[in-house]
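I have placed the structure first, in the form of structure tokens, so that the comments after it can refer back to it.
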Number of protein chains: 2
Amino acid sequence: MRVTIRQVAAAAGVSTATVSRVLAGTQAVSPELAERVRQTAASLGYRPNVLAQGLARGRSGVVGVLVPNLANPYFNDTIKALMHSAERDGYRVIVADSDERRENELPLGESLLRWSDGLVLVASRAAPTALRRLVGAHKPVVAVNHKPKPEIDEFVHISVNAYTPMRELCRHLVREGHRRIVYLSGPRTSWQSQERWRAVRSARRWGASVSSVPCGGTIEEGYAAAEGALGEEPSAVMAFNDLAAFGFLSRCGELGLRVPEDLSLTGFDDIPFAQFTSPPLTTVRSPLADVGVAAWQAMRRLLDGERRVLGMMLPSEMVIRSSTAPPRSMLGGSEPDKTTPTT
Amino acid sequence: MRVTIRQVAAAAGVSTATVSRVLAGTQAVSPELAERVRQTAASLGYRPNVLAQGLARGRSGVVGVLVPNLANPYFNDTIKALMHSAERDGYRVIVADSDERRENELPLGESLLRWSDGLVLVASRAAPTALRRLVGAHKPVVAVNHKPKPEIDEFVHISVNAYTPMRELCRHLVREGHRRIVYLSGPRTSWQSQERWRAVRSARRWGASVSSVPCGGTIEEGYAAAEGALGEEPSAVMAFNDLAAFGFLSRCGELGLRVPEDLSLTGFDDIPFAQFTSPPLTTVRSPLADVGVAAWQAMRRLLDGERRVLGMMLPSEMVIRSSTAPPRSMLGGSEPDKTTPTT
DNA sequence: TTGTATGCGTTATCAA
DNA sequence: TTGATAACGCATACAA
């Protein structure tokens with residue numbers, strides 16, 4: 001059996017209470033005693049039993065994180081930042097993966113809450129009733145990139161502002177001459193996808209015709225959605241995220257379509273490999289790590305008992321690379337915007 | 001406060017012992033009583049406190065997983081499979097990320113072990129002394145893709161046989177006519193990288209000249225290593241993994257080198273996007289999910305107290321796609337690159 | 001400042 | 001089959 005606090009107390013000739021106080025630093029102990037306790041604890045290699053600590057303290061020192069899909073690089077940076085932030089504060093993270101199935105979220109969330117002091121829901125697609133039950137556990141819940149629900153205001157929202165940069169990106173495309181834009185939509189229940197589509201629709205006011213094609217957020221779905229989207233004969237395609245854009249790009253290559261010569265393409269997130277595709281992807285840079293850090297800070301405050309913890313809307317910005325360019329009609333044709341002609 | 005076993009016992013008019021027995025199913029209880037207990041437990045929404053359970057049982061129902069880098073897609077599928085397998089057996093997974101720094105492994109591993117009943121080390125680069133300390137906790141340790149250490153045989157190994165398919169891939173390249181092969185090596189302390197390089201070296205017996213260029217396992221490192229590797233004037237480049245291959249490929253595009261016309265390129269792992277690059281990547285398919293499942297099965301057995309749990313060496317296979325082709329020298333013969341100059 | 005004693009919520013041992 | 005009750009290892013209110 002492992003060495004317990006009792007053995008340390010015995011070896012140091014003090015009570016278990018003193019050992020506990022010294023090691024947790026919760027109360028003042030005379031320097032000599034403290035030193036002696038620390039010495040013997042170290043020499044015995046004593047490690048407090050976290051389960052017993054948790055039981056006695058009423059909190060486990062663990063937080064749960066629920067993501068739709070661990071295999072999506074998009075979530076990795078966020079989780080990583082969250083995890084490291086939590087680690088620095090002495091917390092451990094347990095994670096679960098709902099496999100993009102909203103019906104998994106409630107049971108998994110409840111399971112996580114049994115182990116943890118709080119729950120971080122990333123890009124949750126859970127129904128309001130499910131969320132209500134999760135919140136009902138009376139433990140802090142932080143929602144990342146989740147649609148704000150006025151009717152359940154008991155959790156803190158950390159979100160990325162997708163609308164503004166996405167709209168800016170549309171504006172950019174329109175300025176370059178694109179008039180026919182297709183949006184490859186993400187998971188149906190994804191709030192972020194709705195926001196991005198809302199932004200794309202706004203391009204109508206600049207005179208573009210836009211439509212939405214069901215797709216998803218994976219490489220495979222982007223690949224599969226390509227032909228349908230091309231049927232709409234767009235000059236620019238805006239994918240829900242970089243993964244879908246990448247799958248789409250791959251299919252374009254097979255079909256002999258060149259990007260950006262024949263077609264402009266944009267993604268979203270700016271995951272690490274977005275700048276390494278051929279051509280490098282025009283996209284929107286999501287502050288992935290910042291989101292993780294912000295989520296932890298909010299969680300930390302909630303765990304510390306703060307009443308009003310405010311949510312955040314983090315900014316993101318357009319990143320123009322080489323997968324977008326003026327459409328062919330602009331290049332050949334009647335030479336509309338004469339950028340070069342000096343005469 | 002949450003509802004405890006005592007309240008359920010009171011409401012059902014039985015002892016806490018009976019409630020525990022019914023819900024855990026550890027001992028026979030008369031059907032009527034059992035039913036009554038179940039009813040009241042359900043109606044009260046009783047959930048056993050996992051911390052108290054863990055303390056009383058002497059095990060937490062949690063296993064720890066330590067990976068070098070959570071952001072590497074390579075690990076995602078493995079972790080995901082491991083996690084889901086563990087979930088099915090009622091276990092939760094806590095994960096930590098060493099950020100590719102071997103000095104982080106010991107502290108993180110020890111931290112994980114405090115919470116968990118066992119530890120899975122994925123692609124560990126820890127020093128033998130560190131491993132010895134981890135094993136010293138007397139909890140099961142499963143090592144995934146770690147160099148077998150004869151001197152510490154107290155943990156079970158689950159590995160992928162990289163040597164055989166990598167060698168086969170070399171043979172394939174040589175048969176296609178490649179005589180000058182460069183290997184982009186992975187992390188220095190990675191056993192898998194050593195195995196793969198050992199396989200590449202074996203190409204010497206087929207008459208090829210091979211050399212190794214320091215690189216790493218990330219897109220960025222593959223990108224950065226490109227120019228140095230090209231300096232060796234190889235006709236084929238074999239990257240440590242798909243990520244490095246992808247970075248390399250990206251740089252080639254910038255330098256105006258076409259793959260596979262000017263240069264053949266291979267990866268390793270067959271991560272999801274390998275088939276979507278342009279051109280699709282020739283690589284070796286690592287059974288990522290299978291590794292996760294096998295690691296859990298081994299861990300499960302160890303947790304159940306089995307004495308001799310055997311390790312496994314999982315096979316992997318070469319996947320030929322379009323990033324490899326016979327070198328130009330084979331195509332043109334004595335007419336090296338007369339593609340344009342007609343005169 | 002230090003020690004004593006109780007509680008945290010379950011499981012498991014022992015009697016009945 | 002069921003019920004008291006002692007662990008499990010630690011934290012803390014209370015006393016000294």
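Only a predicted model underlies this, so the values are computations on that prediction, with no experimental measurement involved. Proteins get letters first, then strands, A, B, ... in listed order; numbering begins at 1 in each.
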Name the nucleic acid region contacted by [X], choosing base, sugar-phosphate or nothing; use a 4.0 angstrom heavy-atom cut-off, strictly under.
X       : answer
B:Ser30 : sugar-phosphate
B:Leu51 : nothing
A:Val14 : sugar-phosphate
A:Arg59 : nothing

Side-chain-base donor-acceptor pair under 3.5 Å for B:Arg21 and D:dG3: yes
Under 3.5 Å donor-acceptor pair, A:Arg57 side-chain atoms to C:dG7 base atoms: no
Main-chain N/O of B:Arg125 paired with B:Glu105 side-chain donor or acceptor, under 3.5 Å: yes
If you only use heavy atoms from C-beta on, which nucleotide in [options] is closest to the side chain of [X]?
X       : options               : result
B:Ile5  : D:dG9, D:dG3, C:dT10  : C:dT10
A:Ala17 : C:dT4, C:dT10, C:dT2  : C:dT4
A:Thr4  : D:dG9, C:dG3, C:dT10  : D:dG9
A:Ser15 : D:dG9, C:dT11, C:dG3  : C:dG3
A:Ala56 : C:dC8, C:dA5, C:dT11  : C:dC8
A:Arg6  : D:dT12, D:dG9, C:dT10 : D:dG9

Within 6.0 Å of CZ in A:Arg301, more than 12 heavy atoms from elsewhere: no
B:Lys139 NZ to B:Ser60 OG distance, which is reported to the nearest 0.5 Å: 6.5 Å
Phosphate contact (D:dC10 OP1 or OP2) by A:Ser20 side-chain N/O below 4.0 Å: no
Taking every non-hydrogen atom, the tightest pair across A:Asn69 and A:Phe75: O-CD1, 3.2 Å
